[in-house]
Number of protein chains: 2
Amino acid sequence: MNPPKRATLKEVARLAGVSYQTVSKVLNGQVQLPAATEARIWEAVQALNYIPNHTARSLRSRRSHTIAYCWAPTATGQANPILDELLQSMVQAAERQGYYLLCFPNQPDPQRLREAYRELIDSGRVDGFILSSVEYEDPRILYLMERRFPFVAFGRSNPEYQFPSIDIDGGLGMLKVVRHLVERGHRRIAALTWPPESRVGANRIAGFLQGLIEAGIPPVPEWMERGEGVPAFGYQATLRLLALPESMRPTAIVAFNDAMALGAVRAAQQLGYRVGSEIAITGFDDTPLARYTIPPLTSVRQPIWEVGERLVNRLITLLDHPDISSPYCELIEPELIIRASSTGEEIPLDQDHPYLYP
Amino acid sequence: MNPPKRATLKEVARLAGVSYQTVSKVLNGQVQLPAATEARIWEAVQALNYIPNHTARSLRSRRSHTIAYCWAPTATGQANPILDELLQSMVQAAERQGYYLLCFPNQPDPQRLREAYRELIDSGRVDGFILSSVEYEDPRILYLMERRFPFVAFGRSNPEYQFPSIDIDGGLGMLKVVRHLVERGHRRIAALTWPPESRVGANRIAGFLQGLIEAGIPPVPEWMERGEGVPAFGYQATLRLLALPESMRPTAIVAFNDAMALGAVRAAQQLGYRVGSEIAITGFDDTPLARYTIPPLTSVRQPIWEVGERLVNRLITLLDHPDISSPYCELIEPELIIRASSTGEEIPLDQDHPYLYP
DNA sequence: ATACTCAATGCGAACGTTCGCACGAACATT
DNA sequence: AATGTTCGTGCGAACGTTCGCATTGAGTAT
């Protein structure tokens with residue numbers, strides 16, 4: 001159709017010989033009409049190629065069918081391995097229910113951040129929010145709770161805050177890693193982790209310690225290296241760990257993400273270790289590249305696709321039933337992907353753990 | 001404010017003692033009022049914390065101030081190094097001009113794809129589109145041109161299509177790579193590239209060949225390996241290349257992305273080559289991890305941040321001036337990042353090429 | 001027959017803006 | 001003094017829906 005004129009309800013109604021309000025009701029399934037009438041209406045809709053005007057619809061119904069999402073940008077020079085998958089799964093899940101995702105920019109300044117959220121809410125542009133990279137004392141959570149505006153978070157925050165969230169059980173992931181290493185005979189296990197402010201880090205550390213305790217291994221403070229989650233830190237920390245006197249030297253290094261693990265691998269190799277057999281190194285995230293590194297990296301895969309779907313579905317449920325409150329955290333179990341960096345046993349590339357999601 | 005009641009134009013107007021239409025005009029800068037009146041209006045706006053209702057605004061003005069964007073999902077198991085940066089830069093650039101980005105799901109089926117675009121357009125939800133991963137005969141381009149609906153593409157398509165686009169000059173990137181290798185004395189240069197259908201591949205191949213011609217090196221068909229852009233292909237192809245008889249064996253391998261380059265590095269190392277000194281291997285994309293691989297990878301960095309900003313700004317210009325047609329392709333020059341994989345000369349990590357963008 | 005329900009449709013009024021024009025007053029121009 | 005011109009403001013209408021009730025006519029129980 002070249003003419004930019006779009007059909008409206010009224011034109012459909014005229015063609016079908018009913019009032020336009022009736023057409024509206026039929027399209028929204030709010031009324032049951034005799035088959036003949038309804039058929040006429042649908043024919044008219046087809047004939048005119050009618051598509052409801054979304055703006056008018058949301059003006060009147062006060063529902064924008066739009067979900068706001070914003071994520072912290074990855075520090076330059078770092079890859080965000082889960083962003084694409086999370087975004088795709090959310091966008092798809094949303095579309096299946098007639099929603100779209102609206103992206104807005106991250107705002108480091110707390111003052112402006114509030115303003116950004118306020119504007120999005122009060123302009124009526126969105127029905128709810130999805131938050132990611134949630135931390136302690138998260139101002140976004142406080143603001144949305146104060147405004148009683150619907151949202152679902154990816155990640156937990158302070159335990160005393162009550163809000164709907166989905167999270168990956170990072171502690172369980174670490175526990176699986178430690179169990180795996182213990183099973184292979186390791187007793188001196190070091191960790192490359194984040195500073196204690198990090199909420200994600202705290203959960204993972206808890207799981208890590210639980211794993212040690214299960215195995216009756218007392219934690220050693222010298223074996224907890226804390227820093228930024230980049231290869232350079234993993235590299236430096238590993239040089240330090242492997243410079244300890246022989247009796248105090250760890251035989252396994254558990255990195256809290258793949259980037260640190262890669263740095264650790266580099267350091268160990270540089271010092272002449274055969275990674276996998278002489279020292280075990282593990283990561284976390286199962287970055288797509290993890291299977292291709294040398295040696296391939298044992299890591300923990302997060303079911304991101306599922307997280308995205310659940311976030312969206314939970315939010316939409318919340319929007320449809322504002323009365324039902326469900327301020328609990330759904331935990332999802334991650335998967336341990338064992339490769340040569342912790343075992344020394346190489347698996348052929350084409351037999352590496354396949355990805356299950358589309 | 002606990003009561004979900006938001007202030008409207010009328011309430012602001014009552015407080016300021018003018019008609020609500022006047023307030024509207026002031027807010028939109030469509031009229032110049034005496035300072036006193038205008039001040040009263042702004043005070044009222046402040047006092048009531050007024051934020052215009054976006055839906056009502058776009059219903060009347062027929063402008064949604066929303067840009068639709070959709071991207072091809074990364075094949076599972078592959079990282080999309082540029083997604084985060086592109087998205088962030090577009091979202092930020094859009095917000096600066098009062099626009100937001102609406103994400104919608106990729107649709108492989110061409111029938112449904114048309115339908116998805118049609119619905120987005122005819123429901124009045126968006127003002128324009130940004131396309132990425134553009135290919136030859138791209139159905140999205142054809143449809144949007146047919147509908148005369150505003151869009152800007154990241155990437156070129158058939159030369160006979162006339163539409164506004166931004167692209168990175170991949171050919172120039174390859175040319176820089178080849179010049180660099182030739183300068184270092186290489187004459188036998190192989191390429192790991194995509195199948196000929198790939199539009200991006202074609203541009204890069206052109207640059208690659210131009211580089212050879214410049215140096216007076218005749219292209220050798222056996223040195224062009226075509227396959228999927230994953231490490232596994234780079235690995236296999238490199239095994240083949242290095243199994244050629246000595247006189248026919250390349251001394252440099254130019255991979256058309258970093259993933260293939262990593263596979264190539266692995267293969268070469270496995271065959272006992274010292275990558276960098278005995279064989280040069282280069283990538284393309286400058287994946288964040290490229291500086292951390294062993295050896296660090298020479299690659300071509302794409303100015304993605306700039307691309308995102310230009311895409312958005314160009315589209316908004318188009319929306320504001322529908323009369324001015326500008327169906328040309330803006331080319332942006334990529335940057336060659338030289339590291340040890342092509343020179344054998346390691347640079348310290350902290351002196352590696354910094355990222356310039358926020 | 002009368003009142004009573006129910007299904008099928010219609011109608012007027014919002015929703016909160018922007019648009020286009022009109023109006024009155026002040027001021028400059030003939 | 002009559003006539004334009006500009007400025008500041010107001011007014012009614014429209015944008016395309018959904019909402020809530022009102023209305024009609026047919027069927028059913030009293």
Side-chain angles (χ1 to χ4, degrees), chain A residues 4-42 44-45 48-66 98 119 121-127 320, chain B residues 4-42 44-45 48-66 98 119 121-127 320:
Chain A
K5 183 69 193 147
R6 271 99 80 159
T8 72
L9 263 192
K10 299 200 184 187
E11 303 174 41
V12 174
R14 183 154 10 102
L15 191 59
V18 292
S19 79
Y20 67 95
Q21 295 95 333
T22 302
V23 177
S24 164
K25 293 195 170 83
V26 168
L27 294 188
N28 292 316
Q30 293 174 351
V31 76
Q32 188 63 11
L33 291 195
T37 317
E38 187 154 343
R40 276 202 334 271
I41 292 179
W42 284 113
V45 166
L48 297 177
N49 243 313
Y50 171 74
I51 294 211
N53 180 304
H54 169 261
T55 310
R57 175 174 276 196
S58 43
L59 175 59
R60 182 66 240 230
S61 66
R62 299 165 160 285
R63 288 285 240 100
S64 65
H65 287 263
T66 306
E119 200 165 313
I121 295 175
D122 287 341
S123 67
R125 232 178 198 284
V126 301
D127 293 340
D320 290 340
Chain B
K5 182 68 193 148
R6 271 104 75 163
T8 72
L9 262 192
K10 298 199 186 189
E11 305 174 42
V12 174
R14 185 156 7 105
L15 191 60
V18 291
S19 79
Y20 68 96
Q21 294 95 334
T22 302
V23 178
S24 164
K25 291 194 170 86
V26 168
L27 295 188
N28 293 315
Q30 293 175 351
V31 75
Q32 187 65 10
L33 292 196
T37 317
E38 186 154 345
R40 279 206 327 277
I41 293 179
W42 284 112
V45 165
L48 297 177
N49 242 312
Y50 170 74
I51 294 211
N53 181 303
H54 169 261
T55 311
R57 177 175 274 198
S58 43
L59 175 59
R60 181 64 241 231
S61 66
R62 299 161 161 289
R63 288 284 240 100
S64 65
H65 287 263
T66 305
E119 202 165 312
I121 295 175
D122 286 341
S123 67
R125 232 179 198 284
V126 301
D127 293 340
D320 289 340

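Naming convention: chains lettered A, B, ... in sequence-line order (proteins, then strands); numbering from 1 in each chain.
The backbone N or O of B/Thr55 sits less than 3.5 Å from a side-chain atom of B/Asn53, completing a donor-acceptor pair.
Straight-line distance from the CZ atom of B/Arg40 to the C1' atom of D/dT9: 11 Å, rounded to whole Å. Summarising the geometry, the separation between CD1 on B/Ile41 and C1' on D/dG8 is reported as 11 Å, rounded to the nearest angstrom. C/dT17 atom C1' lies 16 Å from atom CZ of B/Arg63, rounded to whole Å. At whole-Å resolution of the value, CG in B/Leu27 and P in C/dG16 are 16 Å apart. Atoms CD (B/Gln32) and P (D/dT9) sit 11 Å apart, rounded to a whole Å. For the pair B/Lys10 NZ and D/dG10 P, the interatomic distance rounds to 14 Å; values are reported in whole Å. Going from atom NE2 of B/His54 over to atom C1' of C/dC15 covers 15 Å, rounded to whole Å. For A/Glu11 and D/dC15, the CD to C1' distance is 13 Å, given to the nearest whole Å.
Nearest nucleotide to the B/Gln21 side chain, out of D/dT17, D/dC11, C/dC15: D/dC11. In the set D/dG16, C/dT17, D/dT9, C/dT17 carries the atom at the smallest distance from any side-chain atom of B/Tyr20. Closest to the A/Ser19 side chain, of the nucleotides C/dC19, C/dG16, C/dG10, is C/dG10. For B/Arg57, the side-chain atoms get nearest to C/dT17 when compared with the rest of C/dT17, D/dT17, D/dG10. Distances were taken from every side-chain heavy atom of B/Thr37 (C-beta onward) to each of D/dT9, D/dC19, C/dT9; the shortest belongs to D/dT9. Distance from the side chain of B/Asn28 is smallest to C/dT18 among D/dG10, C/dT18, D/dT17.
The NE2 atom of B/His65 sits 6.5 Å away from the CG atom of B/Asp127 when rounded to the nearest 0.5 Å.
Counting non-hydrogen atoms under 4.0 angstrom, B/Leu9 reaches a base of the nucleic acid. B/Thr55 comes within 4.0 angstrom of no nucleic acid atom, judged by non-hydrogen atoms across all strands. Within the nucleic acid shown, B/Val18 comes within 4.0 Å of sugar-phosphate atoms alone, with no base atom in reach, counting heavy atoms only.
Under the 4.5 Å side-chain criterion, counting only non-hydrogen atoms from C-beta, A/Arg63 is not in contact with A/Ser58.
The base of C/dT18 lies close enough to the side chain of B/Arg60 for a donor and an acceptor atom to sit less than 3.5 Å apart. Not a single donor-acceptor pair, N or O on each side, falls under 3.5 Å between the base of D/dG8 and the side chain of B/Lys25.
For A/Arg62, no side-chain nitrogen or oxygen approaches OP1 or OP2 of D/dC19 to under 4.0 Å. Between C/dG10 and A/Thr22, a contact under 4.0 Å exists linking OP1 or OP2 to a side-chain N or O.
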N/O donor to acceptor pairs below 3.5 angstrom from side-chain atoms of residues 12-23 of chain B, sequence neighbours left out:
{"residue": "B/Ser19", "atom": "OG", "partner": "B/Gln21", "partner atom": "OE1", "Å": "3.4"}
{"residue": "B/Ser19", "atom": "OG", "partner": "B/Thr22", "partner atom": "N", "Å": "3.3"}
{"residue": "B/Ser19", "atom": "OG", "partner": "B/Thr22", "partner atom": "OG1", "Å": "2.9"}

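The two residues A/Thr66 and A/Arg125 come nearest to each other via the heavy atoms CB-O, 3.6 Å. Residues B/Ser64 and B/His54 come closest through the heavy atom pair O-NE2, 2.9 Å.
Residue B/Gly17 is the one, among B/Leu59 and B/Gly17, whose nearest nucleotide of DNA chain D lies closer to the 5' end (criterion: closest heavy atom). The residue among B/Gln30 and A/Leu33 whose nearest nucleotide of DNA chain C lies closer to the 5′ end is A/Leu33.
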